Amino acid sequence: SFHFFFFWSSSLKQTSEATVMSAKSATEPVCCSKHGNDDHSEGNKSQWMGAAVGGLVLGLALGVAAARFLPLSGALQRSAQVAGDENWVWKAASSQKCVNMEEVNKQYLELPYPPRDPKDENRRVVSDPNNTPSAINHFIYGGQKKFVKAGPNVKNKFRILVAGGGTGDATIMYALSFRNSNLAVEIVHLDLSNASSSIAQARAAHYGFTTITFRRASILDIPNMPDLGHFDFIDSVGVLHHLASPVQGFKILESVLKPDGGMLIMLYGTLGRTGVYHFQDAYRLLNIPRNPQLARDMVKHLPSTNWLKRNELMLTGDFEKFADSGVTDLLLHHCDHSYTVPEIVDLLAQSNLRLVEFFDQDHYRVPAELRLPPVVQALEQLHWTQEAAFAELVRGNAFKHSFYVHKAGGPAPPSASHSPVTASSIFCLAPDLFLGTFHSLPTALETQCAQDLSRRLSYKQNGNVHRNLPCVGGLAHRFFDCKRTVKDIHALLPAAVQTQLPLPAFVQSMEEFYRGLSTEQGRYMHLSVYPFPLPNQRPRERELPMAQLS
């Protein structure tokens, strides 16, 4: 409390005097020496003591409050020692960010992220639709990529770099989905943490993968790894924003990307993480060691006015389920950048890259309730990235940005999301089909739809709620196998349906069905020109969740 007393008293004195500090006092603390500042005159000392009385009560009160968290109390005492500089709060907090990158390395050695137990591979697969050949084909190659089949002595294997692969979620899913598709692939798992890489290797050993090479290095080491070669596809999810210079990381990855290749990137979103950086700066200001339990206690006792307390989304998910690793990654990270849509576009431009599409595209569209005529008219004049920036601002909940990129000026085609559905289009549902599962309408609903094709279908799948779709899409759903074309599927429908919906009308209905699918939680239905050589054995059948007709 006496340190608060000195701090508050000095602040009052500075305010009442309204004087310009001398060159010496501008560079030295005014209240941090053991006996005060020797430059004070006797009159000033008297004024200083008088002002101090006014701060005594507050100093004692704050001292009592600080005692509630003993580790904080000592840190605040030390913080008071820099009070002579009017910008000390900003400097104390911001100057420490991304300075000590050794602490970042140490964090992932002590707390591998995300925490995984290789023994759990016996009971589950951590799946992601992005980590499949159909997603790569859809977003990067416009659905027109013909992958090479696996086999002995195959050349031109599809090369994937997982840059910052951590404990292996993406690496395992890529290896599994390519193997289950019988496609030739070579995957390089790159990560600096020995602890994380060891977990990833143990998980890969469970499946007996021979397509993965593990390299223990940083993205920043790539220029010194000439044997690494170039890649068709690079996955760097949740990594680049932890580099001191993310643009340097982007440029390095771009340098090993093939001209027609692409990347999947995830960066933190500024608006949706409101409160996170306030907390990080506050904790950093204390200048105390990383302590996940203390961070939990602080969050628990934050006032209701605190931005993090009000942003409930940030205090669920990884924060809750990943224990110390989740708390540290969110609130105690030593290097953590976040971005808005315009900043991402600029960052990519600096790195000779261009934005292809956001994975959860609906998050970057204006909510239906806000599509007022003047707003719609104005939006029609904007580039799609500008509309995405507008949607981000009005929604305010984008805590991460997952997106695909190409090389700027490269030969890669647009995403298949913008391609029309034709009779030769192939629907591929990821990750389900690559894990041996397909979904169909409940039998009763199939019968009802076949009897009245004007019925509209709603259902939920993979977090997306799909509404008001042509019910014939539900009839076709069981035939979405990454192999059959729309024409093939039409021939498999009941004869009565084929009569009511000739092929041209069916293609039109499938176009409406596809365009109507929600991508709020990501695009799971991919389009392809070429079939995937998935196994011929019949996969497990499951009913479409929460399916209903109207």
Side-chain angles (χ1 to χ4, degrees), residues 118 121-122 124-163 165 168-190 200-215 227-235 256-264 404 412 416 426-438 480-485 488 524 526-540:
E121 302 306 312
N122 291 314
R124 61 99 179 93
V125 173
V126 181
S127 61
D128 187 326
N130 287 309
N131 306 148
T132 60
S134 67
I136 296 172
N137 181 38
H138 179 101
F139 291 105
I140 301 302
Y141 297 101
Q144 302 172 41
K145 178 71 173 178
K146 189 172 185 179
F147 294 93
V148 176
K149 287 186 178 182
N153 304 317
V154 172
K155 297 181 179 180
N156 300 322
K157 294 179 180 178
F158 193 80
R159 300 196 76 228
I160 297 175
L161 171 64
V162 184
D169 284 1
T171 301
I172 298 300
M173 186 61 198
Y174 282 123
L176 195 61
S177 60
F178 270 80
R179 185 170 73 179
N180 290 349
S181 307
N182 194 31
L183 300 176
V185 68
E186 178 184 350
I187 302 168
V188 176
H189 176 105
L190 184 80
Q201 284 183 275
R203 295 175 66 188
H206 170 81
Y207 298 97
F209 291 133
T210 59
T211 53
I212 306 172
T213 301
F214 290 89
R215 302 291 295 269
D227 62 319
L228 203 60
H230 288 75
F231 296 89
D232 299 285
F233 186 72
I234 298 174
D235 176 302
V256 293
L257 181 67
K258 293 181 181 179
D260 64 341
M263 302 187 201
L264 169 63
Y404 288 87
I426 295 172
F427 284 88
C428 197
L429 182 64
D432 303 49
L433 285 165
F434 297 96
L435 299 176
T437 301
F438 79 99
F480 295 159
D481 61 355
C482 302
K483 296 180 181 180
R484 296 185 177 100
T485 65
D488 294 334
Y524 290 75
H526 304 138
L527 292 179
S528 180
V529 173
Y530 298 103
F532 290 88
L534 288 164
N536 289 322
Q537 63 263 33
R538 185 173 178 80
R540 298 181 300 274

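Along the sequence shown, the residues carry numbers beginning at 1. The shown structure was predicted, so the numbers you read here are calculated from the model rather than taken from an experiment. These values consider heavy atoms only, across backbone and side chains, with no hydrogens, waters or symmetry-generated copies.
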Partner of Ile136 by side chain to side chain contact (heavy atoms under 4.5 Å, CB included), out of Asn130, Ile160, Leu264, Asn131: Ile160

Side-chain donor-acceptor distances from residues 138-148 under 3.5 Å, at least two apart:
| residue | atom | partner | partner atom | Å |
| --- | --- | --- | --- | --- |
| His138 | ND1 | Leu527 | N | 3.0 |
| His138 | NE2 | Ser417 | N | 3.2 |
| His138 | NE2 | Ser417 | OG | 2.8 |

Would you please test Glu186 and Lys157 for salt bridge (charged side-chain N to carboxylate O under 4.0 Å, His left out) and show each step? CA-CA 6 Å; Glu186 178 184 350; Lys157 294 179 180 178; over 6 Å; no

Answer yes or no: is there a donor N or O on one side and an acceptor on the other, between the side chain of [X] and the main chain of [Y], under 3.5 Å?
{"X": "Asp232", "Y": "Arg159", "answer": "yes"}
{"X": "Arg215", "Y": "Leu228", "answer": "no"}
{"X": "Asn182", "Y": "Lys149", "answer": "no"}
{"X": "Ser528", "Y": "Cys482", "answer": "no"}
{"X": "Arg540", "Y": "Leu435", "answer": "yes"}

Validation row: [X], [Y] side chains within 4.5 angstrom (heavy atoms):
{"X": "His206", "Y": "Asn122", "result": "yes"}
{"X": "Phe434", "Y": "Cys428", "result": "yes"}
{"X": "Arg179", "Y": "Thr211", "result": "no"}
{"X": "Ile234", "Y": "Val256", "result": "yes"}
{"X": "Thr171", "Y": "Ile212", "result": "yes"}
{"X": "Phe209", "Y": "Ile187", "result": "no"}

Go through it in stages, so that I can follow the logic: the residues are Phe532 and Leu433, the test is side-chain contact (heavy atoms from CB on, under 4.5 Å), and I'd like the CA-CA distance, side-chain angles, deciding distance and then a yes or no. CA-CA 10 Å; Phe532 290 88; Leu433 285 165; over 6 Å; no

Can you tell me if Asp227 has over 12 outside heavy atoms packed within less than 6.0 Å of its CG? yes

Between Thr485 and Asp488, is any side-chain donor less than 3.5 angstrom from a side-chain acceptor? yes

Would you please say whether a donor-acceptor pair under 3.5 Å links the side chains of Asp432 and Tyr524? no

Applying side-chain contact (heavy atoms from CB on, under 4.5 Å), run through Tyr174 and Asp235 and close with a yes or a no. CA-CA 10 Å; Tyr174 282 123; Asp235 176 302; 2.8 Å; yes

Filter on salt bridge (Lys or Arg N to Asp or Glu O under 4.0 Å), then keep only pairs touching residues 131-141, sequence neighbours left out; what's left? none

